[in-house]
Amino acid sequence: MNLPTKACGVLLIVTLAFSPAATCVPLFDLETLGPGAQELPTPTGLSVAVLKPSSDRTVPQGTAVEIEWTAGNLTGDDALATVLVRNREDLSEIIIAGGIRVLGTGTLQSLDWNTSDVDSGAYSVLVRIEAGGRSAEAFAPGKITLNAPPTLEFTEPLETFTFGEPTDADGDGEDDPVELSIRWTAFDPDGDGKLVLGIDPDLDHANGDEITILERDIPTSGGVDSFTWNAEAAGGRVDPGTYNLYAELSDEFSEGIFVEGPAQIVVLEVEEEPTFDQTKFEITAPAEDAEFVTGGDPLTITYAVSAPDRELLVDLSLTSDDNPSNGNEIVILSQRFLEEGTEEDSFEWSGDKADGDPVPDGIYKIVLIANAELGSPIIKTSEALVFRREFEDKPLVAVLKPDANTETDAGASITISWRDDDPTEESLIRVVIDDDELPNEAAETDGAEREILKDRKASLDGVNDSLIWSVASDLEPGRFWFFVYIDRDGVAPFDHVSVSPRPIIIPDPEAP
């Protein structure tokens, strides 16, 4: 006879038995037999259909997955059903439930599959029914992929750590910061894991009183990671108290995975040193390039400070390069006392050093140094230049680099740079190298100056205010300085000369 492709009753029937007394005979869906199917399986009197999971999805390991199925037994023998999951990679099977008796037909069964103890991967759910040496099985429409969540294990600290008052632990005369080294091993096989490191006064890490101290990705390769914490979060020291260290892990499919730290963290109340806004420290005048000529009016230097609860000692210096702390600065104001609450101060500069000697002609930037007894001083450098001249229109030059001791060898390239000012645009630049810091041939102490550039127009700025020089192979081991001369007529004495802030050093290959 001709069989219809759909049956009344339960669809997805894998095996069945014909019964003369049946009023509705379950039939097979021919579409499920696949291409080339020639005949129906031999009826066994057993039928099974799996309804859930009904669609493919990915869930974190540990998720309870609902399995729903129905079965029929018309064999007259006792039938037992087994619920399994099959790994789609190696086809291994895990029994979820077994020994379930099946009586009659159409009984709907359900259970939850606890995935906690199952490896990550893709799985098919199937139900197998057996009776009298006969069997039937069916797969669920949906496949389940278990995603392995990130893992983490703390390795430090293992004992309670206390943040107290800073102490001079290394004996250098200055208090050292109190810091905690937090270490852990973490792993996420999928590469999308996230770590939030936090502290919490209680063990409920989702009630809003948590403090985040670090956010970081979790590597796929795993391994040791660490973080040094100074008891500060969100820009300030956390409130005194006892805190529980914890880690919150998450990835695309998992969230809210908490790992408790093995030790507590205690933050004690410490006496805070008064602070002030260092960004308000700046030289406000001169705001543009200025000139001081010998015998002329003083130059007004104005600087802003902000120390409402601090006394200050202020120095003003001049630097001929852009490095305010390489030792070639000239102090023009020393240890000026400013009372608490001072916001602005000014100084009338007459062209002299703080000790009364004249400042040499040159091109300078002004450096503000403020000492508030808070560790390192505050140093601010002006944007504007100051041209200190003996007479008007005198050409000036200032070497900028090298501004640090530079060890080099023959054949290496060294950059010499400078800034110059030539009011009449008639001057030429000459660069030499020498084994002492005293420019001009008349002041030689050993070898003569060696010329490496001559007759470059000073009016050419930008890249023309620099020179890349290949260190000569015949230079003996020692220290060498660069001199940059600027002059209008090319005849000694030159109008102005500047010495490099720091020398180059050619090491002695035979030195120990």
Side-chain angles (χ1 to χ4, degrees), residues 7-17 19 22 24-29 32-34 41-149 151 189-190 251 253-257:
C8 60
V10 180
L11 296 180
L12 297 173
I13 302 300
V14 178
T15 57
L16 68 164
S19 170
C24 178
V25 180
L27 301 178
F28 288 97
D29 184 344
T32 65
L33 299 180
T42 303
T44 64
L46 301 173
S47 61
V48 60
V50 186
L51 308 178
K52 292 182 180 181
S54 58
S55 60
D56 295 349
R57 69 182 192 271
T58 299
V59 300
Q61 280 179 300
T63 302
V65 176
E66 184 183 10
I67 300 174
E68 190 174 273
W69 54 281
T70 184
N73 174 19
L74 301 178
T75 64
D77 296 321
D78 288 339
L80 297 177
T82 304
V83 181
L84 311 97
V85 293
R86 178 180 294 174
N87 188 301
R88 295 181 58 81
E89 182 175 347
D90 61 15
L91 303 182
S92 61
E93 294 181 347
I94 301 173
I95 296 176
I96 305 303
I100 305 171
R101 296 188 64 191
V102 178
L103 302 173
T105 62
T107 302
L108 191 64
Q109 307 257 11
S110 66
L111 57 86
D112 287 335
W113 168 29
N114 184 351
T115 62
S116 299
D117 298 326
V118 183
D119 292 339
S120 60
Y123 292 87
S124 296
V125 177
L126 69 146
V127 177
R128 184 176 295 138
I129 183 171
E130 297 174 298
R134 291 169 287 181
S135 67
E137 64 180 34
F139 288 90
K143 304 172 188 64
I144 298 298
T145 299
L146 300 182
N147 175 263
T151 61
D190 306 301
D251 63 11
F253 300 100
S254 305
E255 61 182 17
I257 303 171

If every non-hydrogen atom of [X] is compared with every non-hydrogen atom of [Y], which pair is closest and at what distance?
X: Asn147; Y: Ser254; answer: OD1-OG, 4.1 Å
X: Ala81; Y: Trp69; answer: CB-CH2, 3.5 Å
X: Ala140; Y: Val50; answer: CB-CG1, 3.4 Å
X: Pro141; Y: Pro53; answer: CD-O, 3.4 Å
X: Lys143; Y: Ser124; answer: CG-OG, 4.2 Å
X: Ala97; Y: Leu111; answer: CB-CD2, 3.8 Å

Nearest-0.5 Å distance that lies between atom [atom1] in [X] and atom [atom2] in [Y]:
X: Thr58; Y: Asp190; atom1: OG1; atom2: CG; answer: 9.5 Å
X: Leu51; Y: Glu66; atom1: CG; atom2: CD; answer: 10.0 Å
X: Asp119; Y: Asn87; atom1: CG; atom2: CG; answer: 8.0 Å
X: Leu126; Y: Ile96; atom1: CG; atom2: CD1; answer: 10.0 Å
X: Leu84; Y: Trp113; atom1: CG; atom2: CH2; answer: 11.0 Å
X: Ile100; Y: Leu80; atom1: CD1; atom2: CG; answer: 9.0 Å

Legend entry - Criterion side-chain contact (heavy atoms from CB on, under 4.5 Å) on Leu46 and Asn73, from CA distance to verdict: CA-CA 5 Å; Leu46 301 173; Asn73 174 19; 3.6 Å; yes
Legend entry - Full working for side-chain contact (heavy atoms from CB on, under 4.5 Å) between Leu146 and Val59: CA-CA 5 Å; Leu146 300 182; Val59 300; 3.6 Å; yes
Legend entry - Pairwise side-chain contact, Val65 with Arg57, heavy-atom cut-off 4.5 Å (strictly under):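 They are in side-chain contact.
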Inset, instruction - Verify, without hydrogens or angle tests, whether Thr75 (side chain) and Gly45 (backbone) share a donor-acceptor contact under 3.5 angstrom. - result: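 Pair absent, no side-chain N/O of Thr75 close to backbone of Gly45.
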Inset, instruction - Ignoring hydrogens and angles, tell me if any N or O in the side chain of Thr115 forms a donor-acceptor pair with the backbone of Gly62 under 3.5 Å. - result: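 Looks like yes, one N/O pair under 3.5 Å.
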Would you say [atom1] of [X] has more than 12 non-hydrogen atoms from neighbouring residues, nucleotides or ligands within 6.0 angstrom?
X: Ile95; atom1: CD1; result: no
X: Glu255; atom1: CD; result: no
X: Asp90; atom1: CG; result: yes

Inset, instruction - Might you work through the side-chain contact (heavy atoms from CB on, under 4.5 Å) test for Val83 and Gln109, ending with a clear yes or no? - result: CA-CA 11 Å; Val83 181; Gln109 307 257 11; over 6 Å; no
Inset, instruction - Could you please spell out the steps behind the side-chain contact (heavy atoms from CB on, under 4.5 Å) verdict for Arg86 and Leu91? - result: CA-CA 6 Å; Arg86 178 180 294 174; Leu91 303 182; 4.1 Å; yes
